[in-house]
Amino acid sequence: MKFTYCTLSIVSALGTSLLADTIVLDLTSSVSSQQVLSGEPTVTWRYNASLTQGPSSTLSVIPNSFLGPIISVNTGDHVQIHQQNNLMGETTTHFHGLDIPEISDGHPKDAFGPGETYDYEFIVRNRAGTYWYHPHPDMMTGQQVYMGLKSFFIVSDPAEQALDLPRGEFDLPLCLHDADFTADNQLVYSGANMMGHFGNTQLVNGQPNYNYSAATKIYRLRLLNGSQSRILKLGFDDGTPIIVLGVDGGLLDAPEEYPYLLMGPGERYELWADFTDKNVGDVVTLKTLAYDEFAGGIGQGNEIDLMTFSIDRAEEETLILPTSLVPMGEVYDVADIQSEKYWPITFEGGMFLLNGEMWDMSDMTGTVENERATADTLELITMTNHEGNIQFAHPMHFHGRQFQIHSRSMVDPDSEDSYNTIKHGLVDSGWHDTFMIMPNETVQFLVRWSRHTGLFMWHCHNLPHEDMGMMRNFSLSEAPCPADLTHDGMVDISDFLEIIANWGSPFGDVTGDDMTDVADILATIADWGICNSGFRELPIPSKPTSAKPNSITPKKPNGRK
Ligand code: C2O
Ligand code: CU
C-alpha cells in the first residue's frame with residue numbers, strides 16, 4: 001500500500017460516522033420442509049434471516065415459499081452478515097452482481113462446513129438494482145441453489161427513489177425456476193452434466209401453478225431467471241410487448257420495448273407490466289415462447305406457461321411510463337481501453353472449456369490465479385463460442401463488476417435462422433453482470449474491473465456447467481493509480497472535486513477501504529502527480545483488433561482434465 005502514514009487509521013475511524021445505515025443480519029442455511037405440491041411436504045434447503053441492526057424493511061419473507069428472505073438495502077449501506085451453516089456439507093454465500101471485497105464474495109476457497117459460521121461484510125457500492133444471493137461451494141452450487149438456497153438482494157438509491165415507479169405491492173420480485181419432483185413430492189436433481197437440468201414443473205418463487213391476483217394497475221416486475229439451465233424467451237400470451245425498465249445492474253437510461261425477452265439463468269430484468277386496459281376476470285399468461293433447439297439441452301426452447309396474472313379488481317392508476325429513467329453514468333468508449341483479452345469458449349473431452357481450461361484444482365484449493373487483470377482498469381473482453389463441433393448457449397457471469405456489452409456478431413451464416421428465433425429479445429443496453437452468448441456468436445464487452453483486489457470468479461451460470469468445471473479464477477492486482485477517480489490519467493483537482501461531490505457515498509472511496517472519508521482526500525494528496533506518468537503506459541491497442549489468443553494467461557502444467 002502506498003498510504004502508510006499513521007494518521008490514516010485515525011481519520012478512517014472518524015469517517016465511519018459518515019456512513020449510511022449499518023445493517024447486521026444473522027443468516028442460516030438449513031434443511032427445511034415446505035408444502036409445495038399437494039400431499040407430502042417437500043424437503044428443501046433454505047435461508048432464514050433475522051435482523052440484529054438496521055431498518056425493519058431490510059428483510060421480507062416471500063409468503064408460502066421455500067426461497068430465502070428478500071434483503072433490501074440502500075447504496076452506501078454497511079452490511080454485515082453472520083452466516084451459520086446448518087446443512088450437511090460445505091457452503092458459501094455469493095452476492096451476485098455486487099462489487100464487494102474478495103473475502104465476502106463467497107469464493108469456494110472460503111467454504112465453511114456444517115456447524116460453522118462465516119462473516120460477510122461489505123459496503124453496498126452498486127447503484128439501485130435487482131441483485132440476488134446464493135451459495136457458491138465447489139461442485140455443489142447447482143444442487144444448493146436448486147434445493148432452495150437463493151433469493152433477491154434489492155438495492156435502492158436516491159435516483160431510483162425519485163422516479164414515479166410502481167411501489168409496495170406493485171413492485172413484484174418473481175424468481176422463475178423449474179424443478180423435478182418424485183412421486184412423493186421430493187426434489188430430484190441431475191447434478192453436474194453438459195446437458196443441464198430441465199425440470200418438468202415450473203415454479204415461481206418456489207410455487208407451482210403460480211397465479212398472481214392483480215389489479216388493473218401497472219406493476220414493476222423484478223424478474224430473476226433462477227433456473228439451473230433453462231433459457232427463457234419471455235412473452236405474454238396476448239402479445240403485449242415487453243417494456244424493459246432495468247437489467248442486471250439497475251435501471252436503463254430510458255424504457256425500451258422488445259417483442260419478447262431472452263433471459264439466461266442468473267440474469268435479472270425489470271419490466272413495466274401495464275394491466276390498466278384489462279377487465280376484471282381477464283387472465284394474462286407469462287410464457288417462455290418456443291425457439292430453435294440450437295441452444296443445447298433437451299427441452300431448451302420448449303414453449304411453457306410460467307405463471308398467470310388474474311385480474312380480480314379494478315383500481316385507479318395514475319402512473320405513466322417515464323420517458324427517462326436513470327442515466328447509466330460513465331459510458332465506456334472502446335478508444336479508452338487500457339488492454340484487451342480474448343477468452344474463447346470451446347468444447348473438448350466432453351467438457352466446455354473457458355480459455356482452453358476447466359476449473360483449476362491443481363493446487364488442491366482452487367486458488368490458482370488463472371486470468372489476471374489490474375484493478376480499476378478498462379478492458380475490452382472478446383468471448384467467442386464457435387470453435388469445435390459442439391456449441392451450446394452459455395449465460396456467462398463475471399463477479400464483482402457490472403459491464404457494458406460492446407458488440408455481438410453471429411459468425412456462422414448457417415446459424416442465422418436459429419439465431420433469428422431469439423435475437424430480438426437480447427437486451428444489451430445498460431449494466432450487466434451476466435449475458436447470453438449463443439452458439440456461433442462472438443460477444444465483446446467493456447469492463448472497468450473492480451477496485452477491490454484479490455481472487456474472483458467468472459463462469460457459466462448454467463449451474464450444471466459451472467459444477468462440471470466451466471469456471472475460472474481471475475485475479476485483480478492493485479491499480480497503478482487508485483486515486484485517479486475521474487480516470488483521466490492523472491490525479492488532479494478533478495479527483496478532489498469528485499471525492500467532495502461523493503462525500504459520504506461509496507463512489508468517493510479512493511482508498512478502497514469501504515469508507516469515504518478524509519483518508520480518501522489524504523490518499524489523493526499522497527498520490528498527487530505520482531501517476532502523471534505511468535498510468536497511460538499500459539498497452540493501449542489502437543482499435544478493437546481481431547481477436548487473438550490471450551497471452552496473459554499463464555499455462556499451468558496440470559492443464560485440463
Ligand atoms: Cu450467481 Cu458466481 O454466481
Ligand atoms: Cu454453459
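Please read these numbers as outputs of a predicted model, since none were measured by experiment. Ligands are counted one by one from 1 in listed order, and the atoms in each one are counted from 1 as well.
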N, O or S atom of His136 closer to atom 2 (Cu) of ligand 1 than 2.8 Å: yes
N/O/S from His461 sitting under 2.8 Å away from atom 2 (Cu) of ligand 1: no
N/O/S atom of His96 inside 2.8 Å of atom 1 (Cu) of ligand 1, strictly under: yes
His397 near atom 1 (Cu) of ligand 1 via N/O/S, less than 2.8 Å: no
When you compare the side chains of [X] and [Y], does any donor N or O come within less than 3.5 Å of an acceptor on the partner?
{"X": "Trp449", "Y": "Glu379", "result": "yes"}
{"X": "Ser415", "Y": "Asn440", "result": "yes"}
{"X": "His452", "Y": "Asp99", "result": "yes"}
{"X": "Trp431", "Y": "Asn126", "result": "no"}

Name of whichever N/O/S atom of His394 is nearest to the Cu ion (ligand 2): ND1
Member of Tyr133, Tyr118, Tyr47 meeting the side-chain hydrogen bond (donor to acceptor under 3.5 Å, both in side chains) criterion with Thr93: Tyr47
Vertex the Cu ion (ligand 2), rays to ND1 in His465 and SG in Cys460 - rounded to 10°: 130°
Positive for ring-ring contact (aromatic ring centres under 6.0 Å, His included) with His136, one of His397, His94, His107: His94
Vertex atom 2 (Cu) of ligand 1, rays to NE2 in His459 and NE2 in His399 - rounded to 10°: 110°
